[in-house]
Amino acid sequence: MNWDEPIDDAGAERLVGAAGDREEQAVEAALRPKDLGEFIGQEKVREQLDLVLRAARARGATADHVLLSGAPGLGKTTLSMIIAAEMEAPIRITSGPAIQHAGDLAAILSSLQEGEVLFLDEIHRMSRPAEEMLYMAMEDFRVDVIVGKGPGATAIPLELPPFTLVGATTRAGLLPPPLRDRFGFTAHMEFYEPAELERVIHRSANLLDLEIDAEGAAEIAGRSRGTPRIANRLLRRVRDYAQVKADGIITQDIARAALAVYEVDSRGLDRLDRGVLEALLKLFGGGPVGLSTLAVAVGEERETVEEVAEPFLVREGLLARTPRGRVATPAAWVHLGLTPPQASTGGNGQQDLFGA
Ligand code: ADP
C-alpha cells in the first residue's frame, strides 16, 4: 500500500471527528473487513458490487471503474481494498489533493500494473488538468504526456495497462458529469443503522480481544453517528476506561461512564456540537440567528461551525438552516433538557417554521 500523502485531518482531534490520524490508520488496518462477506451492512451496495466483480472475474477482465460516495468513515477505503482482494489484484492508494499536477497523475498511471486497483480518495479535489487526463485514462487506457514547455512542447501518447479506478467522494454531486459518467458502477454508501453498528462493535471487540456485552455494544452504537469509524474509535476509548477503572469488561454502565468522560452524549454529540446548540437555545432563544453571530457566540470559526458541527446537527433534526438563519428544532430543546419558549410569549419564529 502506498499513502501518497497524509489524509485530511480536519477534525482529527475530535473523538467524533471525520478523519483519523496515523495511529488510527494502523488500528483501522487491523479492523478492516477483508472480503465482501465480512463487510457489515450496505446490503444493496454489497450485492451489486458482488455481481460486478463476479462478472468481471468470469470474463477474465479487469473490473469496471467504481465510484463510491458517502460520508467519511463509512467504509469506502475498505471497499476499495476488498475490490482489489476479490480481483486478486494489487492496490495503489492516493487522493485528489495529493495530485497537484497532471504530471503527478501521469506518473502514477504509468506505473500501474495490469489489473491494478487505483483508489483515488476525495476525487472531487483533483486539479482540473489532472481530471482531464483521467477522463482519457479511464476511457481509453491512454494518457498524453507533455514533454517540454512553450511552443516546443509535444504530447507523447502513452498506452496504459487496463486498471480499475475506484473513486471516493463525500458527494457524487460534486463531480463534473463527464467524470461521473465514466464510472461503470456508482454506489452511494448510507449511514449505518444502530443494529449494524452493534455488529461492527462486536466484530472489532472480538479482533481486539475485548469482552463486551450486548447492552455495552448498543450503548456505543447509539453514540456513533451512524459511522463505523466512530464506533471503532469510541470502542477503543471505552476499552481504556474499562481497563483502568473496572475489570475490563465493557457493559452499558461502563460505556456510559467512559463516554461521559469523553463528553460524547447519548446521541453522539460532542462538546462542540452541544456548544453550538446551547448558544442557539440559551442566547438566541432558538434562533433564527446568522451563522457568523452564532460562531462568535461559541468562540469558533464560522467554517468550524458550518462544516464540522452543523452537518450532524442537521442530519439529527436538531438544527435547521433557513434563509433567515440557524434555527433550533423542538427536538433540540428536548435533547438539552430545556423547555421551548411558548409561541404566545412573543414568538421567535419557531411556530411559523415548525408549527410547534
Ligand atoms: P472511508 O474510506 O469511507 O473514510 P474506511 O473504509 O477507512 O472509511 O472505514 C473506516 C473504518 O471503519 C475501517 O477501519 C473499518 O474497520 C470500519 N468499517 C467501515 N465499514 C465497515 C463495515 N461495513 N463493516 C465493518 N467495519 C467497517
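The residues of the chain are indexed from 1 along the displayed sequence. Just so you know, ligand 1 is whichever comes first in the structure, and atom 1 is the first atom listed for that ligand.
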Student: Using a 4.0 Å cut-off to any heavy atom of Pro72, which atoms of ligand 1 qualify?
Tutor: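 Result: 4 (O).
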Student: Suppose I only count heavy atoms of Thr78 and a 4.0 Å limit; which atoms of ligand 1 are within that range?
Tutor: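 Counting atoms of ligand 1 from 1, those under 4.0 Å from Thr78 are 5 (P), 6 (O), 9 (O), 13 (C), 15 (C).
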Student: Is there any N or O on Pro228 that sits under 3.5 Å from an N or O of ligand 1?
Tutor: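 Not met; the criterion fails.
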Student: For Ile254, does its backbone N or O pair with a side-chain atom of Tyr241 as donor and acceptor, under 3.5 Å?
Tutor: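 Looks like no, no N/O pair under 3.5 Å.
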Student: Got a second to check how far Asn206's CG is from Glu211's CD, nearest 0.5 Å?
Tutor: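 Separation between the atoms: 11.0 Å.
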Student: Should you measure from each heavy atom of Thr77, which atoms of ligand 1 turn up under 4.0 Å away?
Tutor: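 Here the atoms of ligand 1 in question are 1 (P), 2 (O), 6 (O), 7 (O).
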Student: Does the residue Gly41 have a heavy-atom contact with ligand 1, meaning some pair of atoms that are separated by less than 4.0 Å?
Tutor: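 The answer is no: ligand 1 sits nowhere under 4.0 Å from a heavy atom of Gly41.
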Student: Please say whether Val200 places an N or O atom under 3.5 Å from an N or O atom belonging to ligand 1.
Tutor: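 N/O-N/O distance under 3.5 Å: no.
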Student: Run through Arg46, Gln48, Arg54 and flag the one making a side chain to side chain donor-acceptor pair (under 3.5 Å) with Asp50.
Tutor: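 That would be Arg54; it is the only one of Arg46, Gln48, Arg54 passing the side chain to side chain donor-acceptor pair (under 3.5 Å) with Asp50.
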Student: For Arg267, run the side-chain contact (heavy atoms from CB on, under 4.5 Å) check against Arg225, Arg223, Arg274, His335 and tell me which one passes.
Tutor: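 So, applying the side-chain contact (heavy atoms from CB on, under 4.5 Å) to Arg267 and each of Arg225, Arg223, Arg274, His335, only His335 qualifies.
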Student: Decide whether the shortest distance between a heavy atom of Arg32 and an atom of ligand 1 is less than 4.0 Å.
Tutor: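 It does, in that a heavy atom of Arg32 comes within the 4.0 Å cut-off of ligand 1.
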Student: Please check whether Ala29 reaches ligand 1 - meaning an N/O of the residue sits under 3.5 Å from an N/O of the ligand, judged on distance alone.
Tutor: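 There is no such contact.
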Student: Which ligand 1 atoms, with their elements, are less than 4.0 angstrom from a heavy-atom of Glu28?
Tutor: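 Within the 4.0 Å cut-off of Glu28, ligand 1 contributes 7 (O), 10 (C), 11 (C), 14 (O).
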Student: If we only count N/O pairs under 3.5 Å, is Ile40 in contact with ligand 1?
Tutor: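 Yes - when backbone and side-chain N and O of Ile40 are compared with those of ligand 1, one distance drops under 3.5 Å.
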Student: Is the closest N or O pair between Arg203 and ligand 1 shorter than 3.5 Å?
Tutor: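 No, there is no polar N/O contact under 3.5 Å.
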Student: Might you confirm whether atom NZ of Lys245 has over 12 heavy atoms from other residues, nucleotides or ligands at distances under 6.0 Å?
Tutor: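 Atom NZ in Lys245 is not packed in, count stays at 12 or less.
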Student: If the plane angle is over 60° it's perpendicular, under 30° parallel, otherwise tilted; pick one for Phe163 and His65.
Tutor: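 Correct class here is tilted.
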Student: Side chain, backbone, both or neither: which part of Leu68 comes within less than 4.0 Å of ligand 1 when only heavy atoms are counted?
Tutor: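 Neither; no heavy atom under 4.0 Å.
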Student: Quick one: CZ on Arg32 to CG on Leu207, what's the gap to the nearest 0.5 Å?
Tutor: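 Between atom CZ of Arg32 and atom CG of Leu207 there are 13.0 Å.
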Student: Counting from 1, what ligand 1 atoms have a heavy atom of Leu31 closer than 4.0 Å?
Tutor: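 Answer, ordered by atom number: 16 (O).
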Student: Decide if atom CZ of Arg271 counts as having more than 12 heavy atoms of other residues, nucleotides or ligands within a radius under 6.0 Å.
Tutor: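 No - once you tally the heavy atoms of other residues, nucleotides and ligands closer than 6.0 Å, there are 12 at most.
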Student: Going by distance only, is there an N or O of Arg229 that falls short of 3.5 Å from an N or O of ligand 1?
Tutor: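 Yes.
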Student: Which heavy-atom pair separates Leu74 from Gly226 by the least distance, and what is that distance?
Tutor: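 What the structure gives for the nearest pair is CD2-O, 3.6 Å.
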